[in-house]
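Only this structure's heavy atoms are used, side chains among them; waters, hydrogens and symmetry mates stay out. This chain uses plain numbering: 1 for the first residue, then up along the sequence.
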Amino acid sequence: MTAFGAGENFAPTGGALVELAPRPTDRGVQARRATWFRQPALIAGLTITVIIVVAAIAAPLITFYNPITQNLNASLQGPSALHWLGTDQLGRDTWTRLVYGARVDLRVGFIAVLFPFCLGIVLGSLAGYFGGWVDLIIMRLVDVVVAFPFYVLLIALVFVLGPGERSIYIAITVVGWVSYARIVRAEILVAKRQEYVLAAQSGGLSNLRIMGRHLLPNVISQAIVYAMSDIVQDILAIVTLGYFGLGIPPPTAEWGSMINEGQNFLSTHWELVIIPGFAVVIVGLGLSLIGDGLADLLRPGQS
């Protein structure tokens, strides 16, 4: 006897097997797989981001100095063969600190977005699926968080917790989960009325299995798209905290602290501020293009 899984496109009819037409979702997945490389924004964003990530990973191979070692005899030098982007006020190589700073900011930015992403998806799923008092409590928490400006609440939390990566992760999670919760909740409120969810409920599947196996795979795409822009916001937040002295403690190379240290020499050595600032803009551009490309790719009805 031949067994057929629920995902196969065959149905028994009078003892014979009749092939069913592919589901719309299957056709959409196949179309996206065939056209993702035709998205110029996505390709451009991936190219920019991959180059920067590879440079950050290969930092020991493409730099020639220690990012925290001082050399006061070589302070505030301009670009040269020895120091491609010059040196700062303590004689540290700017190119080296720029690349190692990318390591820190990208690592913290990508990790920091995971915690609110996961928390927001869980709470948003619970609120959207169960409704009632669960939805009421979670959405009131959302209202409390969004009542405060993002950066004001973030800076206040880090100020209370103290500088460092742990404080940044906690603060971004506390502030950032609400957007994911609202996105997923809205998607599930619509999706849970679809026939495939009603069929799963009639079949006796548990609520956890319905949410994890049937609902989330169909609603999570919008949260993933938002995560790309959220990473940009997180990196800007990390740089802002570093500028105010609340981010990664010195002497660790970090773009925000580089801008803070270089502002005193803006009139004579503008590159100490402009170069790390330009790096932030390029990273933000790459991730924003990825988000735009994914939005076009995952948009309902996209062929």
- Any chance you could lay out the side-chain contact (heavy atoms from CB on, under 4.5 Å) test for Ile172 and Val175, step after step, and finish with the verdict? CA-CA 5 Å; Ile172 290 178; Val175 178; over 6 Å; no

[X] side chain vs [Y] backbone, donor-acceptor pair below 3.5 Å:
X: Trp270; Y: Ser267; answer: no
X: Thr94; Y: Gly86; answer: yes
X: Glu254; Y: Ser257; answer: yes

Treat each ILVMFWY residue as a node, draw an edge where side-chain heavy atoms are under 4.5 Å apart, and state whether [X] and [Y] are in one component.
X: Tyr151; Y: Ile231; answer: yes
X: Trp95; Y: Ile51; answer: no
X: Val99; Y: Leu272; answer: no
X: Leu76; Y: Ile68; answer: no
X: Val190; Y: Tyr129; answer: no

- Message: Please identify which of these residues, Val283, Ile238, Ile248, meets the side chain to side chain contact (heavy atoms under 4.5 Å, CB included) condition with Asp105.
- Response: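 It is Ile238; the other options fail the test.
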
- Message: My understanding is that only one of Val53, Thr49, Ile111 makes a side chain to side chain contact (heavy atoms under 4.5 Å, CB included) with Leu106; could you say which?
- Response: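 When side chain to side chain contact (heavy atoms under 4.5 Å, CB included) is applied between Leu106 and each of Val53, Thr49, Ile111, only Val53 qualifies.
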
Restricting to non-hydrogen atoms, name the atom on [X] and the atom on [Y] that form the minimum distance, rounded to 0.1 Å.
X: Thr87; Y: Ser75; answer: OG1-C, 3.6 Å
X: Val184; Y: Ser125; answer: CG1-OG, 3.5 Å
X: Phe130; Y: Met211; answer: CE1-CE, 3.9 Å
X: Phe150; Y: Ala237; answer: CE2-CB, 4.2 Å
X: Ile138; Y: Leu126; answer: CD1-CB, 4.2 Å
X: Val146; Y: Asp143; answer: CG2-O, 3.4 Å

Hey, what do you get for [atom1] ([X]) to [atom2] ([Y]), rounding to the nearest 0.5 Å?
X: Ile188; Y: Asp135; atom1: CD1; atom2: CG; value: 11.0 Å
X: Asp292; Y: Leu287; atom1: CG; atom2: CG; value: 11.0 Å
X: Ser202; Y: Glu195; atom1: OG; atom2: CD; value: 11.0 Å
X: Leu114; Y: Leu119; atom1: CG; atom2: CG; value: 12.5 Å
X: Ile275; Y: His269; atom1: CD1; atom2: NE2; value: 11.5 Å
X: Ile224; Y: Ile220; atom1: CD1; atom2: CD1; value: 5.0 Å

- Any idea how Phe64 and Trp84 line up, ring-wise: parallel (<30°), tilted (30 to 60°), or perpendicular (>60°)?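 If you compare the ring of Phe64 with that of Trp84, the planes turn out perpendicular.
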
- Task: Report yes if the distance between the aromatic ring centroids of Phe278 and Trp255 is under 6.0 Å, otherwise no.
- Result: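 When the ring centroids of Phe278 and Trp255 are compared, they turn out to be at least 6.0 Å apart.
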
- Can you check side-chain contact (heavy atoms from CB on, under 4.5 Å) on Phe110 and Asp234, steps first, answer last? CA-CA 8 Å; Phe110 278 96; Asp234 288 348; over 6 Å; no

- Message: Please evaluate residues Thr96 and Asn66 with respect to the criterion side-chain contact (heavy atoms from CB on, under 4.5 Å), reporting the C-alpha separation (whole Å), side-chain torsions for both, the decisive distance (0.1 Å), and the verdict.
- Response: CA-CA 7 Å; Thr96 300; Asn66 189 302; over 6 Å; no

- Query: Quick one: do Glu165 and Arg107 make a salt bridge, cutoff under 4.0 Å?
  - Reply: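 Looking at Glu165 and Arg107, the cut-off is met.
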
- Salt-bridge present (Glu187, Lys192; N to O < 4.0 Å):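 Answer for the salt bridge query: no.
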
- Task: Under the side-chain hydrogen bond (donor to acceptor under 3.5 Å, both in side chains) rule, what do Tyr243 and Gln263 come out as? Steps first, then yes or no, please.
- Result: CA-CA 10 Å; Tyr243 178 81; Gln263 66 178 344; 2.6 Å; yes

Can you confirm whether [X] sits close enough to [Y] that some side-chain heavy atom of one is under 4.5 Å from a side-chain heavy atom of the other?
X: Asn260; Y: Phe244; result: no
X: Tyr180; Y: Asp230; result: yes
X: Ile170; Y: Leu161; result: yes
X: Leu98; Y: Leu85; result: yes
X: Leu198; Y: Gln201; result: yes
X: Thr63; Y: Asp93; result: no
X: Pro251; Y: Arg92; result: yes

- Decide if atom CZ of Arg182 counts as having more than 12 heavy atoms of other residues, nucleotides or ligands within a radius under 6.0 Å.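 No - once you tally the heavy atoms of other residues, nucleotides and ligands closer than 6.0 Å, there are 12 at most.
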
- Taking atom OH of Tyr196 as the centre, does the number of heavy atoms from other residues, nucleotides or ligands within less than 6.0 Å exceed 12?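 More than 12 within 6.0 Å, yes.
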
- Query: Stepwise, does the side-chain contact (heavy atoms from CB on, under 4.5 Å) test hold for His214 with Leu205?
  - Reply: CA-CA 10 Å; His214 298 280; Leu205 297 182; 3.5 Å; yes

- Message: Tyr65 vs His83, test: ring pair (Phe, Tyr, Trp, His ring centres under 6.0 Å). Steps then yes/no.
- Response: CA-CA 9 Å; Tyr65 300 93; His83 303 283; 4.7 Å; yes

